[in-house]
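Let me begin by presenting the structure, written as structure tokens, before commenting on it.
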Amino acid sequence: MPTQRESGQGPLPLICGAARSLPPTLVLDALTAAPLGDDETDVMTDLRCEVEEDHPGLHAAAVRLLDSLPPETVWTQWTDWRDPVSVLVLRDCADGDGRPSSGDDWCTLFAGHPGTCSFELTDPEHEEFLAANPAYRYLFEREGLRGESADPGPYPEGSPAD
């Protein structure tokens, strides 16, 4: 089944983008929600809802990426006008094995999320940043599956990786 991107059916839907901060009291909860691996100590505190805009239910943002089997992530959820009050470990989305038919991307949302998978969503704030900082686009384009770096050659002049 071709993705919207492949079939050229117009612009991709937007992420919700509702913003909140992870309260300091939940940072320790995020660290202890699942066993710590060497690369799993980063906790995201500046949150933006990652599901499709106009979604039903709670806003949701990943706060800590895990290197686990089955694939899981620490998430927080909140309602409009309220801060998150807890964190939870949710299994990663595996709809279509978590990958579109092209195999280039995977869904970074949780299993059973409302709306469209992440690889079919656009984040306008991220796109604006890349438009204003074109050297960074190179860094995002050179990322392979699950953050594995595929070195396509020399960095463009003025690149932050220079």
### Query
Is there a path of hydrophobic side-chain contacts, each under 4.5 Å between heavy atoms of I, L, V, M, F, W or Y residues, that connects W78 with V89?
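Yes.
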Kindly indicate whether the side chain of [X], heavy atoms from C-beta on, has any atom under 4.5 Å from the side chain of [Y].
X   : Y    : result
H59 : P84  : no
P13 : T122 : no
V87 : D29  : yes

### Query
Would you say the side chains of T108 and S118 form a donor-acceptor pair under 3.5 Å?
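The answer is yes; a qualifying pair exists.
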Closest heavy-atom pair and its distance - [X], [Y]:
X   : Y    : value
T76 : S86  : OG1-O, 2.7 Å
M44 : L47  : O-CD2, 3.5 Å
C49 : I15  : O-CD1, 3.7 Å
L14 : P124 : CD2-CG, 3.7 Å
D83 : S21  : OD1-O, 4.5 Å

### Query
Listed by chain and number, what are the side-chain contact (heavy atoms from CB on, under 4.5 Å) partners of L88, not counting sequence neighbours?
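By the side-chain contact (heavy atoms from CB on, under 4.5 Å) rule, L88 matches Q77, L90.
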### Task
Only pairs at least two apart or in different chains count here, so list each salt bridge (Lys or Arg N to Asp or Glu O under 4.0 Å) that has a residue in residues 47-63.
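Every salt bridge (Lys or Arg N to Asp or Glu O under 4.0 Å) pair that includes a residue of residues 47-63, provided the two are not neighbours, is R48-D123, R48-E125.
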### Query
CG of L109 to CG of L121: how many Å apart, nearest 0.5 Å?
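Result: 6.5 Å between the selected atoms.
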### Query
What's the spacing between W75 CH2 and R91 CZ if we round to 0.5 Å?
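Answer rounded to 0.5 Å: 15.0 Å.
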#### Entry: Verdict with supporting geometry, D42 and L65, side chain to side chain contact (heavy atoms under 4.5 Å, CB included)
CA-CA 8 Å; D42 288 338; L65 304 176; over 6 Å; no
### Task
List the steps, then state whether side chain to side chain contact (heavy atoms under 4.5 Å, CB included) holds for L58 with T79.
CA-CA 5 Å; L58 300 171; T79 59; 3.2 Å; yes
Tell me whether [X] contacts the main-chain N or O of [Y] through its side chain, where contact means a donor paired with an acceptor under 3.5 Å.
X   : Y   : answer
R20 : R82 : yes
R64 : A30 : yes
S68 : E72 : yes

